[in-house]
Amino acid sequence: MKKKKIKTFVKISITVFFVFIILYKIDIYTLIQNLKGYSVEYFATAFVLSVVVNLIGAFSLHAIYTKEKILSIFKVILKSNFCAMALPGQLLGETTKIFLLSKEQSSLSERVSAVVIDKFLNAIALIIVGSIGLSLSPNIQEGLLQRWLFVGFAIMASGLLVLKNKRLLNLLEKSIVRVIRNEKWIKKGEKYLSTWLMYSNKNKELAISGIWGIIYQLVIALSYYVIGLGLGITISFWDYCWINAILTLILFLPISVGGLGIREATLIGFLGKLNVNAEKAVTLSLLVLGIQLLRAAVGGVLLLCEQRNNS
């Protein structure tokens, strides 16, 4: 409990620090004017695109996990948006999909394996789209970012290939058996490994899910592009592809409350390289946050309706 309180305190401290630095750096009046003058049409279009992103995510997961219909998975993803905003850390919020998927349709090991593999493929798609964005960007010629994204892609792809290899999984299983002497846990581990193999060997389904993952990341970049146009930011669509990739990877680290402060600082840094002022960068970040909160509210309403129907 004490450890948890220390972690929470550190996260709040980091959030406050970054927010303070950002507020010191920008002109608050200009920021407020940017928000007040923002077009409802652009915001609505970006919100619709963000919902489309969730629908594409449902197609991606359904390519691997066919135990539930696409509409059902779509609702689960909407509900997980609410959990992702409410829980500390983006990754922890994502894991709620495992528990929101129907317990009647499949076992826990099936749900865990499907969601984890989908996340792996999505991370690979993120890095692919980010790398393409860097290659096609008319503004960025730095090789350092490309190298880091390539390293990330290599790690994710290697991880997926390792976990597809039956021999390596058997070695992993034997290692776990040596460490864990509890027969109950050993049986659970064997069940998870066999379920993982079942999903990871579906090469056609993995390829389809990966393609959906690439479309997913491209539409996210498109939503950023639309929001930026509403602010008069005219940078290339491809720049949003690599910015989204790096920003997403940074936000996986649960070092601030809801990514607040970190998101804004990252956008100020990268958009600043593209001659976008700090006020517009922060406005863009707040509008993205607003869309995420609105989408999370939709998921919250679905969860509330579900609880009322069950009670």
Side-chain angles (χ1 to χ4, degrees), residues 47 49-127 156 159-160 163 188 191-200 202 205-206 208-217 219-220 223 244 247-249 251-254 258-259 291-307 309-310:
F47 174 72
L49 283 171
S50 76
V51 175
V52 170
V53 164
N54 281 175
L55 183 58
I56 293 167
F59 276 98
S60 174
L61 182 53
H62 185 263
I64 303 165
Y65 178 78
T66 56
K67 295 290 180 77
E68 292 186 50
K69 293 179 180 179
I70 291 169
L71 182 59
S72 175
I73 296 173
F74 176 54
K75 288 178 181 177
V76 164
I77 292 173
L78 286 172
K79 287 182 277 188
S80 76
N81 289 332
F82 174 78
C83 298
M85 295 300 292
L87 293 171
Q90 187 181 355
L91 196 57
L92 186 59
E94 281 290 317
T95 58
T96 56
K97 288 179 190 175
I98 295 164
F99 304 101
L100 290 169
L101 289 167
S102 175
K103 297 176 179 64
E104 297 171 3
Q105 299 292 334
S106 58
S107 65
L108 179 62
S109 60
E110 286 178 300
R111 299 196 303 275
V112 169
S113 298
V115 169
V116 172
I117 289 172
D118 181 62
K119 205 65 195 165
F120 251 115
L121 293 171
N122 204 268
I124 292 169
L126 174 75
I127 295 167
M156 290 292 179
L160 187 62
L163 292 169
K188 278 190 175 182
K191 186 170 72 172
Y192 274 97
L193 286 171
S194 62
T195 306
W196 177 278
L197 264 178
M198 178 187 74
Y199 278 118
S200 64
K202 295 180 176 181
E205 290 80 359
L206 292 178
I208 293 168
S209 180
I211 292 166
W212 278 117
I214 290 171
I215 297 168
Y216 178 95
Q217 297 301 335
V219 178
I220 290 176
S223 69
N244 172 58
L247 183 61
T248 302
L249 293 171
L251 290 178
F252 266 124
L253 302 171
I291 286 169
Q292 289 174 346
L293 288 169
L294 189 57
R295 202 177 54 192
V298 174
V301 169
L302 286 174
L303 278 169
L304 186 64
C305 291
E306 191 178 272
Q307 286 180 351
N309 291 334
N310 293 335

Mind checking whether [X] and [Y] have side chains closer than 4.5 Å, heavy atoms only?
X	Y	result
V115	L101	yes
V301	L304	no
I73	K97	no
L100	I77	no

Which distance, rounded to the nearest 0.5 Å, do you find between the [atom1] of [X] and the [atom2] of [Y]?
X	Y	atom1	atom2	value
L61	F74	CG	CZ	13.5 Å
L126	Y216	CG	OH	9.5 Å
I98	R111	CD1	CZ	8.5 Å
I70	H62	CD1	NE2	5.0 Å

Item to check | side chain to side chain contact (heavy atoms under 4.5 Å, CB included) partner of N54, chosen from V219, V76, N81 | outcome: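 Passing option: N81.
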
So which atom in [X] and which in [Y] form the shortest heavy-atom distance, rounded to 0.1 Å?
X	Y	answer
L303	F82	CD1-CD2, 3.6 Å
K67	E110	NZ-OE2, 2.7 Å
G213	N122	CA-ND2, 4.2 Å

Checklist entry - Who passes side chain to side chain contact (heavy atoms under 4.5 Å, CB included) against S209, sequence neighbours left out? => result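 Counting only residues at least two positions away or on another chain, S209 forms a side chain to side chain contact (heavy atoms under 4.5 Å, CB included) with S60, A63, I64, D118, L121.
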
Item to check | Contacts of type side chain to side chain contact (heavy atoms under 4.5 Å, CB included), residue F47, not counting sequence neighbours | outcome: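 Side chain to side chain contact (heavy atoms under 4.5 Å, CB included) check on F47 returns S50, V51, I291, L294, R295, V298.
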
Item to check | Under 3.5 Å: donor-acceptor pair, side chain of S223, backbone of I220 | outcome: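 Judged by distance alone, yes, a pair lies under 3.5 Å.
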
Next on the checklist: Which residues pass the side-chain hydrogen bond (donor to acceptor under 3.5 Å, both in side chains) test with K75, not counting sequence neighbours?
Outcome noted: none

